[in-house]
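Residue numbers start from 1 in every chain, and the chains themselves are labelled A, B, ... in the order their sequence lines are given, proteins ahead of strands. All values below were derived from every heavy atom in this structure, side-chain atoms included, with hydrogens, water molecules and symmetry-related copies excluded.
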Amino acid sequence: MSKGLPKRSEDYSLWYNELVKRAGLAENSAVRGCMVIKPYGYAIWEKMQRTLDDMFKRTGHQNAYFPLFVPKSLFEAEEKNAEGFAKECAVVTHYRLQTDPDNPGKLRVDPNARLEEELIVRPTSEAIIWSTYKNWIQSYRDLPLLINQWANVVRWEMRTRLFLRTAEFLWQEGHTAHATAEEAVAETRQMLEVYAQFAEEWMALPVVKGVKTENERFAGALDTYCIEGLMQDGKALQAGTSHFLGQNFAKAFDVQFTNKEGALEHVWGTSWGVSTRLMGALVMAHSDDEGLVLPPKLAPIQVVIVPIYKTGQLDELLERIRPMQMGLIDRGISVKVDDRDTERPGFKFAEWELKGVPVRLAVGMRDLENGTVEVARRDTKEKMNMPLADIVNNVASLLDDIQTSIYQKALKFRETHTHRVDTYEEFKQALEGEGGFVVAHWDGTSETEERIKEETKATIRCVALAEPDEDGVDMLTGKPSKRRVHFARAY
RNA sequence: CGGGGUGUAGCGUAGCCCGGUAUCGCGCCUGCUUUGGGAGCAGGAGGCCGCAAGUUCGAAUCUUGCCACCCCGACCA
């Protein structure tokens with residue numbers, strides 16, 4: 001492991017890339033735009049999955065699995081959705097390879113093995129799922145239908161970045177069907193709340209909840225709700241979306257049910273998802289020039305114990321550390337004892353800091369004689385000595401402190417990086433400075449939104465749910481506005 | 001797809017203009033000494049120089065073609 005990460009202040013995106021690789025979260029693969037998620041990174045994703053999955057189950061959802069491939073005819077059924085994704089679809093056209101007569105030892109696509117109908121590798125699963133729902137839904141008694149799937153999807157992005165935008169990524173997608181618009185909207189908003197709660201309580205990432213403008217809306221949805229986080233470089237990151245689909249997919253796939261009065265109606269739909277992009281958000285929101293800073297609730301290793309010893313003392317020291325180690329484990333804390341005899345303490349300290357382990361305990365014979373342990377917290381780099389006798393309680397509450405503290409830090413950052421402006425000059429200044437959210441009046445037209453995007457690269461992240469009504473005028477056109485919206489440059 | 005760039009050990013690189021089988025650092029292996037903030041010394045292993053063809057006595061180096069990747073732009077529910 002080489003020393004020293006690039007500095008955030010010097011090259012933020014280089015810092016991010018290096019950090020993801022050096023901390024062992026992910027790396028580029030032999031496939032263009034596709035990453036390998038490494039064990040340490042996958043362990044964090046698994047914790048996210050487990051937590052979210054529990055939250056979905058508690059809100060009444062069940063998991064299922066649908067195919068990776070979508071026949072083109074199904075894919076194109078909902079026109080807006082199909083158009084929205086058409087430019088970034090991987091397409092399977094053949095089903096067989098053969099040895100190449102012109103190139104010994106090489107294979108080629110068998111020209112006689114063309115599929116009668118092309119298969120689209122799912123960029124999202126509405127089409128295949130709604131075509132299935134048609135068979136599952138007949139009566140109001142079949143509703144609501146509340147399904148989630150954990151899956152991979154493929155979007156052939158022209159430019160990719162580890163976790164933030166990869167050609168293949170992992171995600172969950174919820175797809176629900178309801179008897180009424182009101183129920184579907186309630187579902188959409190409920191899942192938005194679930195995402196917001198997860199982001200704030202588990203990822204320690206404060207988010208703005210809001211609704212997308214027409215320009216940014218999911219193709220095929222009537223409304224797209226979202227949570228938006230703010231990264232340390234002042235750019236916003238969309239961390240999750242929840243869509244109210246209206247009856248669009250029900251109509252496209254002819255999904256109808258008989259209501260209590262015996263009349264046929266199209267069902268109302270929602271879909272919602274978060275992806276491995278959350279990993280990118282987690283890294284960018286909290287980490288520093290020394291490495292990752294992980295919130296304790298998602299850290300695969302919450303406490304690392306580094307024994308400090310002289311040659312020959314290791315076994316004895318490990319023996320004496322064991323009661324403390326077991327005490328922490330019994331308390332439900334995940335503990336790693338770094339008993340590698342091949343690395344020195346300084347190296348281990350640096351490595352666990354890079355990997356973002358929230359709490360480090362350094363224990364040597366000297367400490368044991370004094371009845372103390374050296375405790376270091378990753379987020380503030382503070383070191384303190386704690387009595388060995390009470391170490392389990394102290395560490396448990398320290399982990400809670402760290403979770404709260406990094407959330408508060410991120411929240412404070414967002415507050416100091418949110419500017420309310422009234423003129424276009426102020427708007428541009430706010431963006432050019434330290435970035436962040438710029439909250440301003442907008443006349444509600446796509447033209448103005450586009451123009452601002454072209455001139456400043458800032459987009460409307462959302463119309464925040466918490467934003468109060470307020471009469472004003474668009475900073476650019478002077479036309480009337482009833483509410484401010486959140487602008488930012490975004491990932 | 002347009003513009004620019006780069007491919008040399010696991011990683012990062014020197015050498016290329018001016019042809020003679022490859023430099024340095026990190027990492028790796030062995031041994032000894034070390035071990036409370038990224039150890040020191042000694043020894044060692046590891047290379048179809050992106051691929052293919054051409055020029056030449058001889059190609060990492062020159063020529064041509066191809067491939068891959070990176071950066072900027074376009075693109076990105």
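For the pair E18(A) CD and C70(B) P, the interatomic distance rounds to 14 Å; values are reported in whole Å. Regarding D11(A), its CG atom lies at a distance of 11 Å from the P atom of C71(B), rounded to whole Å. Atom NZ of K21(A) is separated from atom C1' of C69(B) by 11 Å (rounded to the nearest Å). Atom CG of L14(A) and atom P of G12(B) are 13 Å apart (whole Å). Straight-line distance from the NZ atom of K348(A) to the C1' atom of A39(B): 14 Å, rounded to whole Å. For the pair W156(A) CH2 and A74(B) P, the computed distance is 22 Å after rounding to whole Å. The nearest whole Å value for the distance from the CD atom in E88(A) to the P atom in A74(B) is 16 Å. When the C1' atom of C70(B) is taken as reference, atom CZ of R161(A) falls 13 Å away, rounded to whole Å.
A distance of about 15 Å separates the C1' atoms of G47(B) and C24(B), rounded to the whole Å. The separation of U56(B) from U61(B), taken at their C1' atoms, amounts to 13 Å, rounded to a whole angstrom.
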One character per nucleotide, please: for nucleotides 30-37 of chain B, 5' to 3', B when the base has a protein heavy atom closer than 4.0 Å, S when only the sugar-phosphate does, - otherwise. ----BBBB
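Under the 90° criterion around 0 for the glycosidic angle, U33(B) counts as anti.
Annotation: salt bridge (Lys or Arg N to Asp or Glu O under 4.0 Å) contacts involving residues 75-84 of chain A, sequence neighbours excluded, comprise K72(A)-E76(A).
Distances were taken from every side-chain heavy atom of R165(A) (C-beta onward) to each of G73(B), A74(B), C76(B); the shortest belongs to C76(B).
Projected onto RNA chain B by closest heavy-atom contact, T160(A) and W171(A) fall at different nucleotides, the more 5' of which corresponds to T160(A).
Counted by atom type alone, R122(A) and T124(A) present zero donor-acceptor pairs between their side chains at under 3.5 Å. Side chain to side chain, T445(A) and D443(A) meet the donor-acceptor criterion of an N or O pair below 3.5 Å. Judged purely by distance below 3.5 Å, without hydrogens or angles, the side chains of E126(A) and S271(A) pair a donor atom with an acceptor atom.
With Y225(A) as the aromatic partner, R189(A) does not meet the cation-pi criteria of under 6.0 angstrom to the ring centre and within 45 degrees of the ring axis. A cation-pi arrangement is absent between K134(A) and F253(A), since the terminal nitrogen or guanidinium carbon is not both under 6.0 Å from the aromatic centre and inside a 45° cone about the axis.
Aromatic ring orientation, F487(A) versus F427(A): perpendicular (interplanar angle above 60°, classes split at 30° and 60°).
V153(A) places a side-chain heavy atom less than 4.5 Å from the side chain of E173(A).
Stem analysis of RNA chain B (Watson-Crick or G-U pairs, both distances under 3.5 Å, runs of at least three) returns B:1-7 with B:67-73, B:10-12 with B:24-26, B:28-33 with B:39-44, B:50-54 with B:62-66.
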Give the C-alpha distance, both sets of side-chain angles, the deciding distance and a yes or no for ring pair (Phe, Tyr, Trp, His ring centres under 6.0 Å) between W45(A) and F163(A). CA-CA 11 Å; W45(A) 175 242; F163(A) 289 120; 8.7 Å; no
